Enquirer: 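Below are the structure tokens for one structure; questions will follow.
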Amino acid sequence: MNVRAPKGTADMLPDVARAWEYLTRTAQDLFSRYGYEPIYTPLFENTEVFTRGIGEATDIVSKEMYTFLDKGDRSLTLRPEGTASVVRAALEHSLVPQGSSAKLYYSGPMFRYERPQKGRMRQFWQIGVEVLGVAGPSADAEVIVLLVRFFEAVGIPAASMRLLVNSMGDEACRPAYRERISAYIRDHGEQLCEECNRRAVTNPLRAFDCKNPACVAVMAEAPLLRDSLCEECSAHYSTVKAHLDRLGIAYEEAPRLVRGLDYYTRTVFEVQVTEGLGSQNAIGGGGRYDRLMQEYGGPPTPGLGFALGFERTLLAMEAAGVSVPAPARADVYVARVDDSVSESVFTMTAALRDAGVVAELDHQARSLKSQFKQADRLAARLVVIVGPDELAVGEVTLRDMTSKDESRVAIGELVNAVRSRLG
RNA sequence: GUGGGUGUAGCUCAGUUGGUUAGAGCGUCGGACUGUGGCUCCGAAGGUCGCGGGUUCGAGCCCCGUCACCCACCCCA
């Protein structure tokens with residue numbers, strides 16, 4: 001039998017799992033403070049949720065989805081991202097009746113069939129937020145600020161992050177611009193790579209994403225959407241930036257930032273780090289998607305959100321030298337001198353735990369010496385030594401591992417004695 | 001899908017031009033200290049040298065194949 005986890009997946013061993021829980025807790029605390037509520041959606045959806053929402057021409061849909069038929073011949077897909085599911089759920093359950101709004105956050109694994117590399121897995125974790133039913137630019141700023149604050153909260157220094165922002169326009173101004181870019185690509189077809197030539201038809205804006213030096217050079221001269229925004233988009237974008245300025249959030253305008261999902265309109269943004277991520281540098285990103293709900297047949301409902309990647313956040317934290325606080329593995333270790341006292345050790349440990357003390361004992365009949373070593377490894381502050389001598393007079397020995405002081409304590413007083421010494 | 005790199009103990013790695021029973025450090029367990037930790041010393045357990053073939057008197061080392069992982073391209077979290 002193949003005892004390896006599938007390609008592109010990883011077990012989260014205790015050290016990593018602890019960091020994971022720390023990120024989750026930090027996000028839950030922070031996001032709640034901003035008024036977001038949790039939502040959990042299925043790990044798989046009917047395939048069209050993604051094909052319609054994310055867009056047929058995107059990399060995600062065209063080559064990265066885990067799609068399969070279930071036993072009822074339904075086409076299902078493991079979610080490659082979170083937004084489509086949340087919007088689908090909001091529509092299904094009418095979470096955003098006309099005139100109202102909802103602020104939600106989610107977390108969990110996403111799945112994309114790609115060749116794994118540093119900072120990229122086939123199963124990877126994201127935490128994200130979605131704001132539904134709010135069109136105003138202050139919501140954009142709130143979401144961006146929240147993303148930045150999260151990274152700050154887990155200890156990634158502002159100096160090692162870059163916040164990029166751009167506007168993708170809307171149905172009023174983007175189609176015309178799209179035509180201009182398409183024409184521009186066709187005019188320069190000779191100098192551009194094959195892929196970009198294809199993009200002229202399928203998704204011209206994505207030519208800005210190409211890293212081929214020749215294409216980068218040509219696209220650097222291409223007209224920018226920023227200069228073709230309609231009045232409304234332009235005003236929206238300006239207000240978002242003004243709000244960021246008010247809070248002193250540093251950002252860079254990135255007029256060629258387009259991002260890989262079709263549903264974005266107006267504001268898009270991305271947080272990149274300079275260290276630790278190999279060639280991947282985005283640790284979080286998102287944008288506005290005012291047309292998505294309608295794409296699913298729902299009422300016009302503006303929306304926006306972000307997603308951030310756990311694995312990449314952890315890599316960035318590591319690069320920044322941030323350590324995750326580790327809880328005590330044991331306050332008290334109850335040591336067994338010989339087998340005659342095993343039952344007493346077991347019941348005393350249980351009593352301590354019932355009293356809320358983090359207590360540990362040896363289950364393997366190891367020597368007293370090795371029990372002490374174990375106590376040391378667990379950073380236990382106290383060791384209760386249970387031996388036949390003490391037990392004969394109804395007592396145990398309590399050793400303070402730091403001061404090395406030892407004292408006799410009556411068994412009935414053990415819990416109180418431990419508590420008072422632990423403060 | 002394409003390219004490059006690496007596979008030797010639980011972990012990190014040595015392993016000379018192919019040559020006897022494949023090593024070290026860390027970790028684990030035991031002992032020195034017959035009921036007491038962090039230091040030190042001693043000892044033990046632990047290995048299909050990724051897998052399969054081939055060359056050879058002899059392969060961890062050479063050849064072929066295969067698998068896995070890593071990194072990069074594409075793109076994204």
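Convention: sequence-line order gives letters A, B, ...; per-chain numbering from 1. Note: hydrogens, waters and symmetry copies are ignored here, and every other heavy atom, side chains too, is used. This one's a predicted model, so the numbers in the text were calculated from it and none came from an experiment.
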Enquirer: Tell me whether the side-chain N or O atoms of A:Glu406 pair up with the base of B:U36 as donor and acceptor below 3.5 Å, since no angle test is needed here.
Expert: yes

Enquirer: Measure CD1/A:Ile283 against P/B:A77 and give the value in whole Å, please.
Expert: 12 Å

Enquirer: For a quick check, tell me whether the side chain of A:Glu114 and the base of B:A77 share a donor-acceptor pair closer than 3.5 Å.
Expert: yes

Enquirer: With P as the reference atom in both, quote the distance from B:G60 to B:C67 in angstrom, rounded to an integer.
Expert: 23 Å

Enquirer: Evaluate the ring planes of A:Phe208 and A:Tyr177, with Trp represented by its six-membered ring, and classify them as parallel (under 30°), tilted (30 to 60°) or perpendicular (over 60°).
Expert: parallel

Enquirer: Is any side-chain N of the basic residue among A:Lys103 and A:Glu142 closer than 4.0 Å to the acidic one's carboxylate O?
Expert: yes

Enquirer: Whole angstroms only, please: what is the CD-C1' distance between A:Gln272 and B:A77?
Expert: 12 Å

Enquirer: Find which nucleotide of RNA chain B each of A:Val271 and A:Pro6 is nearest to by heavy atoms, and output the residue with the more 5' nucleotide.
Expert: A:Pro6

Enquirer: Looking only at side-chain N and O atoms, does A:Lys118 come under 4.0 Å of OP1 or OP2 in B:C70?
Expert: no

Enquirer: Roughly how far apart, to the nearest Å, are B:C71 and B:G30 at atom P?
Expert: 38 Å

Enquirer: Could you let me know what B:G27 is paired to, Watson-Crick or G-U wobble, both distances under 3.5 Å, or none if it's on its own?
Expert: none

Enquirer: Taking the side chain of A:Lys369 as its heavy atoms from C-beta onward, which of B:C70, B:A32, B:G1 lies nearest to it?
Expert: B:A32

Enquirer: Using a strict threshold of under 4.0 Å (side-chain N to carboxylate O), is an ion pair present between A:Glu114 and A:Arg122?
Expert: no

Enquirer: Expressed in angstrom and rounded to an integer, what is the separation of A:Gln117 atom CD from B:C75 atom P?
Expert: 12 Å

Enquirer: Work out how far the P atom of B:U48 is from that of B:G37, and round it to whole angstrom.
Expert: 35 Å

Enquirer: Nearest to the side chain of A:Arg120 - B:A72, B:C75, B:G30?
Expert: B:C75

Enquirer: Would A:Asp400 and A:Arg421 count as a salt bridge (Lys or Arg N to Asp or Glu O under 4.0 Å) if you check the C-alpha gap in whole Å, the side-chain angles of each, and the deciding distance to 0.1 Å?
Expert: CA-CA 9 Å; A:Asp400 183 305; A:Arg421 279 176 178 73; over 6 Å; no

Enquirer: Give me the distance, rounded to whole Å, that separates B:U17 from B:C63 when you measure between the P atoms they each carry.
Expert: 15 Å

Enquirer: Kindly say whether, by distance alone, the side chain of A:Arg259 makes a donor-acceptor pair under 3.5 Å with the base of B:C75?
Expert: no

Enquirer: A:Gln126 side chain: which of B:G38, B:A77, B:C71 is closest?
Expert: B:A77

Enquirer: Looking only at atom P, what distance separates B:G27 and B:A68, rounded to whole Å?
Expert: 34 Å

Enquirer: Does A:Ser367 put a side-chain nitrogen or oxygen below 4.0 Å from OP1 or OP2 of B:G31?
Expert: yes

Enquirer: Of the nucleotides B:U28, B:A77, B:A72, which one has an atom closest to the side chain of A:Arg312?
Expert: B:A77

Enquirer: May I ask whether A:Phe310 stacks on the base of B:A77, given the cut-offs of 5.5 Å between ring centres and 30° between planes?
Expert: no

Enquirer: When both hydrogen-bonding distances must be under 3.5 Å and the geometry is Watson-Crick or G-U wobble, what is B:C74 paired with, if anything?
Expert: none

Enquirer: Counting only side-chain N and O atoms of A:Arg366, is one of them less than 4.0 Å from OP1 or OP2 of B:G37?
Expert: no

Enquirer: Base of B:G30, side chain of A:Lys373 - is there a donor-acceptor contact under 3.5 Å?
Expert: no

Enquirer: Once you round it to whole Å, what is the distance between P of B:C76 and CD of A:Glu81?
Expert: 13 Å

Enquirer: In the structure shown, which nucleotide is the Watson-Crick or G-U wobble counterpart of B:G47, with both distances under 3.5 Å?
Expert: none

Enquirer: Decide, yes or no, whether a salt bridge links A:Arg149 with A:Glu152 under the criterion of side-chain N to carboxylate O below 4.0 Å.
Expert: yes

Enquirer: Distance to the ring centre below 6.0 angstrom and angle to the axis at most 45 degrees; does that hold for A:Arg288 and A:Tyr264?
Expert: no

Enquirer: Paired with B:U56: which nucleotide, if any, by Watson-Crick or G-U wobble criteria at under 3.5 Å for both distances?
Expert: none

Enquirer: In terms of side-chain heavy atoms of A:Arg399, which of B:G37, B:G30, B:C70 is nearest?
Expert: B:G37

Enquirer: B:U36 P sits how many Å from A:Asp400 CG, rounded?
Expert: 19 Å

Enquirer: Please measure how far the P atom in B:A24 lies from the corresponding atom in B:G18, and state the result in whole Å.
Expert: 24 Å

Enquirer: Specify the separation, in whole Å, of atom CG of A:Asp362 and atom P of B:U28.
Expert: 14 Å

Enquirer: Between B:A68, B:G35, B:G38, spot the one nearest the side chain of A:Lys404, thanks.
Expert: B:G38

Enquirer: Can you tell me the base-pairing partner of B:U16? Count Watson-Crick or G-U wobble geometry only, both distances below 3.5 Å, and say none if there is no partner.
Expert: none

Enquirer: Taking atom types as modelled, find out whether A:Glu45 and A:Ser85 have a side-chain donor-acceptor pair closer than 3.5 angstrom.
Expert: yes

Enquirer: According to a strict under-4.0 Å criterion, is A:Thr313 in side-chain N/O contact with OP1 or OP2 of B:A77?
Expert: no

Enquirer: Determine the interatomic distance between C1' on B:G7 and the same-named atom on B:A44; round to the nearest Å.
Expert: 29 Å

Enquirer: Is it the case that A:Lys241 places NZ or CZ above or below the six-membered ring of A:Tyr237, under 6.0 angstrom from the centre and within 45 degrees of the axis?
Expert: yes

Enquirer: Rounded to whole angstrom, note down the P distance from B:U16 over to B:A32.
Expert: 41 Å

